[in-house]
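Scroll down for the structure; my scribbles are underneath it.
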Amino acid sequence: MDSRSHTPVTAALRLCLHALLTGLLALVAVRAVGEGAPHAGAVVALTLVTAGVYGAGALAGRPGPAGAGVRAGAGARAGAEAPAPSVRQRASMRPGTRAAALWLAALCALWLGLLVLSPDALWVAFPLYFLQLHLLPTRWGVPAVVVTAAAAITSFVVHRQEIAPGAFIGPLLGAAVAIATVLGYDALFRESERRRELIVELVATRAELAEAERTAGTLAERERLAREIHDTLAQGLSSIQLLLRAAERTLPGDAPAAAHVRAAREAAQANLAEARSFVRALTPPDLEHGSLAAALERLCARTTGPDLTVRFAVSGTPVELPTPYEVALLRTAQSALANTVRHARAGRAEITLSFMDTSVALDVVDDGRGFDPSRAPVAERGDGGFGLPAMRSRAATLGGTLSVESAPGQGTALAVTLPLAGPRRSQEHAA
């Protein structure tokens, strides 16, 4: 285990574990020599070997503090890059897990040898509990702790030749405390990981929302500028061009003003073309690569899914529409389909774009659960930013109307109609 992953608290726990095991081994050796035990030399030698094996593992970074604390440090280091797996999964994926298990097995074997020679070796079981719970998965760590506690109790009974409550309570209580401590650390770590992942998700969501708001604001401003340029500059230049063309026709060919009128008409025509290029550049992306009908057909294809089939149809003879008309009809279709997907629970929807002599209409019909239009919330808004009031306001701005027919359980039919007056239509073709 890389010690750089340890926080000050877990590093302190690691040092305490080293000190505890070393102190208990020293106690075993000192008491064996001080009391003149029959196998004092063997006890000292085995104690030194155990300390050497433990020290080798400690220098190699095998043992850690009370379990989850160390693992939490490693998880915090890797957390900024990817969601961390569970504590036990990460323990099983750690490099050298098999070597650590072998090292722990060697320590336990040496400790069992000490138990046979000295009753004082049973106290070494307490740091072994933490090592077993830290290095082994839970399904193996807990049984190992139970077996270790049983071995400690058996050693006391064999050496002392008596059964005392303390001989059972001590090792069992120590085992319970070790298990509760490590499992508690694991639970705290998992909770910390869940909160960390939630924070990462919230930060990412906030960034996505900010980006979506910037994109929506940019598109809205582009639409507004395109509408303003088309309705003011482009229409004004188109009218100037028509008037100059009429004036040019009424002037004699040799009139001194004819050349100036012709130059003015050509300048108006060039500026009209420039204004149109600005309008095309500022139109919504869905309208940049084709007509309104093509954009609506792509919208239907994108919306169609396993639970909803959306079809598109064109009625009448298509004519070129003003950019504000195309934007209004496209946004209305987007909002209506968004409401269908989100609320209607429909299996089929149809969009029809109808070109008539004096108007253009967009109909959106679905077979969903419907609603009561009279109870629709005034402030209703769809994900696309256009609720029914907003769609009605957009249609009214262009001199059109929005009608909604629906009833609970009978689907919904929405229709937007925009006028195409004869003079205006002729002016659009002339422009």
Side-chain angles (χ1 to χ4, degrees), residues 215 217-299 314-334 353-362 393-401 416-431:
T215 302
T218 301
L219 292 177
E221 184 64 13
R222 288 175 58 171
E223 293 177 18
R224 187 188 69 82
L225 290 176
R227 183 169 59 250
E228 294 297 330
I229 293 175
H230 183 275
D231 291 345
T232 56
L233 294 178
Q235 295 299 330
L237 290 171
S238 179
S239 299
I240 292 172
Q241 182 186 8
L242 291 175
L243 293 173
L244 290 174
R245 188 187 299 276
E248 186 178 8
R249 290 173 181 172
T250 60
L251 289 174
D254 56 351
H260 298 291
V261 172
R262 184 168 50 255
R265 180 180 60 78
E266 292 175 353
Q269 185 177 1
N271 282 273
L272 177 59
E274 188 71 17
R276 284 174 175 169
S277 68
F278 279 119
V279 171
R280 283 193 297 271
L282 293 172
T283 52
D286 288 335
L287 296 174
E288 290 180 356
H289 305 292
S291 63
L292 172 62
L296 291 173
E297 190 169 3
R298 289 194 297 270
L299 174 63
V314 177
S315 175
T317 303
V319 297
E320 183 179 354
L321 297 176
T323 300
Y325 278 39
E326 292 185 337
V327 172
L329 294 175
L330 176 62
R331 293 305 187 217
T332 300
Q334 289 173 336
L353 180 63
S354 303
F355 293 92
M356 294 168 280
D357 292 337
T358 59
S359 63
V360 58
L362 177 76
S393 175
R394 180 182 283 274
T397 301
L398 298 175
T401 59
V416 179
T417 304
L418 301 177
L420 284 179
R424 177 170 186 173
R425 195 165 162 184
S426 300
Q427 185 178 359
E428 290 297 328
H429 283 295

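Scope of the values below: all heavy atoms of this structure, side chains included, with no hydrogens, waters or symmetry mates. Everything quoted here is computed from the prediction, not taken from an experiment.
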Check against side chain to side chain contact (heavy atoms under 4.5 Å, CB included), Phe355 and Leu321:
CA-CA 10 Å; Phe355 293 92; Leu321 297 176; 3.9 Å; yes
Return the set of residues passing side-chain contact (heavy atoms from CB on, under 4.5 Å) with [X] (not counting sequence neighbours), or none when no residue passes.
{"X": "Ala328", "answer": "Arg394, Leu398"}
{"X": "Glu297", "answer": "Phe312"}
{"X": "Arg245", "answer": "Gln241, Arg249, Arg265"}
{"X": "Pro256", "answer": "none"}

Shortest non-hydrogen separation from [X] to [Y] and the atoms involved:
{"X": "Glu326", "Y": "Leu292", "value": "O-CD1, 3.6 Å"}
{"X": "Gly316", "Y": "Pro318", "value": "O-CD, 3.4 Å"}
{"X": "Leu418", "Y": "Gly400", "value": "CD2-CA, 3.9 Å"}
{"X": "Val261", "Y": "Ala247", "value": "CG1-CB, 4.3 Å"}
{"X": "Pro252", "Y": "Ala258", "value": "O-CB, 4.0 Å"}
{"X": "Thr417", "Y": "Ala361", "value": "OG1-CB, 4.0 Å"}

Quick check for you: to the nearest 0.5 Å, what is the distance between Arg262 atom CZ and Gln269 atom CD?
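These two atoms lie 13.0 Å from each other.
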Given side chain to side chain contact (heavy atoms under 4.5 Å, CB included), test Leu296 with Leu362 step by step and report yes or no.
CA-CA 10 Å; Leu296 291 173; Leu362 177 76; 4.0 Å; yes
Name the residue from Thr401, Leu329, Val360 that meets the side chain to side chain contact (heavy atoms under 4.5 Å, CB included) definition with Val416.
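Among the candidates, only Leu329 passes.
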